[in-house]
Peer 1: 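Got a structure for you, written out below as structure tokens; questions coming shortly.
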Amino acid sequence: QVQLVESGGGLVQPGGSLRLSCAASGSMFSIIAMGWYRQAPGKQRELVASITSGGSTSYTDSVKGRFTISRDNAKNTVSLQMNCLKPEDTAVYYCNAVGTIATIKGNFDSWGQGTQVTVSS
């Protein structure tokens, strides 16, 4: 399988910035798309941003213009630069990757363990 390890969460004041990173590891895999989801207490998990292997990106409306997703295909990493953070951005952020694994001739859909982002003064 493919494992994802996230880093970069923490506590930041409103208006501040954080950068989340996620690294994928495993054998004989090819990533089609990677993304960041978040889940706030009492709410459903939502897709924040995604990026394909070709570099196409998409964002949920509430983060457009503030968050930027980027990817290093050679290193199998994805990052989320979060600027102008608001208290409503507080959530656990999860990295996700989907793709194929050559050894099993099948697909994978992997998740990271989650990293807490808290925006508070």
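Below, all heavy atoms of this structure are taken into account, side chains as well, without hydrogens, waters or symmetry copies. Quantities reported herein were computed from a predicted structural model and do not represent experimental measurements.
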Peer 1: Per the disulfide (SG to SG under 2.5 Å) rule, what does the pair list look like for residues 50-79, sequence neighbours excluded?
Peer 2: none
Peer 1: With a 3.5 Å cut-off and sequence neighbours excluded, list the donor-acceptor pairs that the side chains of residues 9-27 form with protein atoms.
Peer 2:
{"residue": "S17", "atom": "OG", "partner": "N83", "partner atom": "OD1", "Å": "2.9"}
{"residue": "R19", "atom": "NH1", "partner": "Q81", "partner atom": "OE1", "Å": "3.2"}

Peer 1: Strictly by ring-ring contact (aromatic ring centres under 6.0 Å, His included), give each pair with a member in residues 1-29 just once, sequence neighbours left out.
Peer 2: none
Peer 1: Which pair of heavy atoms, one from Q113 and one from L4, lies closest together, and at what distance?
Peer 2: OE1-O, 3.7 Å
Peer 1: Heavy atoms, side chains only, cut-off 4.5 Å: are V98 and N107 in contact?
Peer 2: no
Peer 1: With T90, which residues qualify under side chain to side chain donor-acceptor pair (under 3.5 Å), at least two apart?
Peer 2: none
Peer 1: Side-chain heavy atoms under 4.5 Å apart, restricted to Ile/Leu/Val/Met/Phe/Trp/Tyr: what other residues fall into the cluster of V5, or is it alone?
Peer 2: none
Peer 1: Once salt bridge (charged side-chain N to carboxylate O under 4.0 Å, His left out) is applied, do any residues pair with K64, and if so which ones, sequence neighbours excluded?
Peer 2: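 Applying salt bridge (charged side-chain N to carboxylate O under 4.0 Å, His left out) to K64 gives D61.
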Peer 1: Can you name the residues that form a salt bridge (charged side-chain N to carboxylate O under 4.0 Å, His left out) with D109, not counting sequence neighbours?
Peer 2: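 Not a single residue meets the salt bridge (charged side-chain N to carboxylate O under 4.0 Å, His left out) criterion with D109.
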Peer 1: Show which side-chain atoms of residues 40-49 pair as donor or acceptor with protein atoms under 3.5 Å away, not counting sequence neighbours.
Peer 2:
{"residue": "E46", "atom": "OE2", "partner": "R38", "partner atom": "NE", "Å": "2.7"}
{"residue": "E46", "atom": "OE2", "partner": "R38", "partner atom": "NH2", "Å": "3.2"}

Peer 1: So, the side chain of N96 versus the backbone of S110: is there a donor-acceptor pair under 3.5 Å, distance only?
Peer 2: yes
Peer 1: Mind checking the OG-CD spacing from S62 to E88? Nearest 0.5 Å is all I need.
Peer 2: 8.0 Å
Peer 1: Identify which one of S53, S79, S50, C95 satisfies the side chain to side chain contact (heavy atoms under 4.5 Å, CB included) criterion when paired with M34.
Peer 2: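 Passing option: C95.
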Peer 1: For the side chain of T115 and the backbone of E6, is there at least one donor-acceptor N/O pair under 3.5 Å apart?
Peer 2: no
Peer 1: Given the rule in the side-chain contact (heavy atoms from CB on, under 4.5 Å) test, do M82 and D89 qualify, once you have shown the distances and angles that lead to the verdict?
Peer 2: CA-CA 9 Å; M82 305 185 294; D89 294 318; over 6 Å; no
Peer 1: Kindly compute the distance separating CD1 (I101) from CD (Q1), expressed to the nearest 0.5 Å.
Peer 2: 4.5 Å
Peer 1: Nearest 0.5 Å, please: how far is CD1 in I32 from OG1 in T52?
Peer 2: 10.0 Å
Peer 1: Test: ring-ring contact (aromatic ring centres under 6.0 Å, His included). Region: residues 98-119. Which pairs qualify, not counting sequence neighbours?
Peer 2: Y37-W111
Peer 1: Keeping to residues at least two apart or across chains, list the ring-ring contact (aromatic ring centres under 6.0 Å, His included) pairs with something in residues 57-95.
Peer 2: none
Peer 1: Could you tell me which residues satisfy side chain to side chain contact (heavy atoms under 4.5 Å, CB included) with K105, sequence neighbours excluded, listed by chain and number?
Peer 2: none
Peer 1: Tell me every residue that passes side chain to side chain contact (heavy atoms under 4.5 Å, CB included) with N73, counting only those two or more places apart in sequence or in another chain.
Peer 2: R71
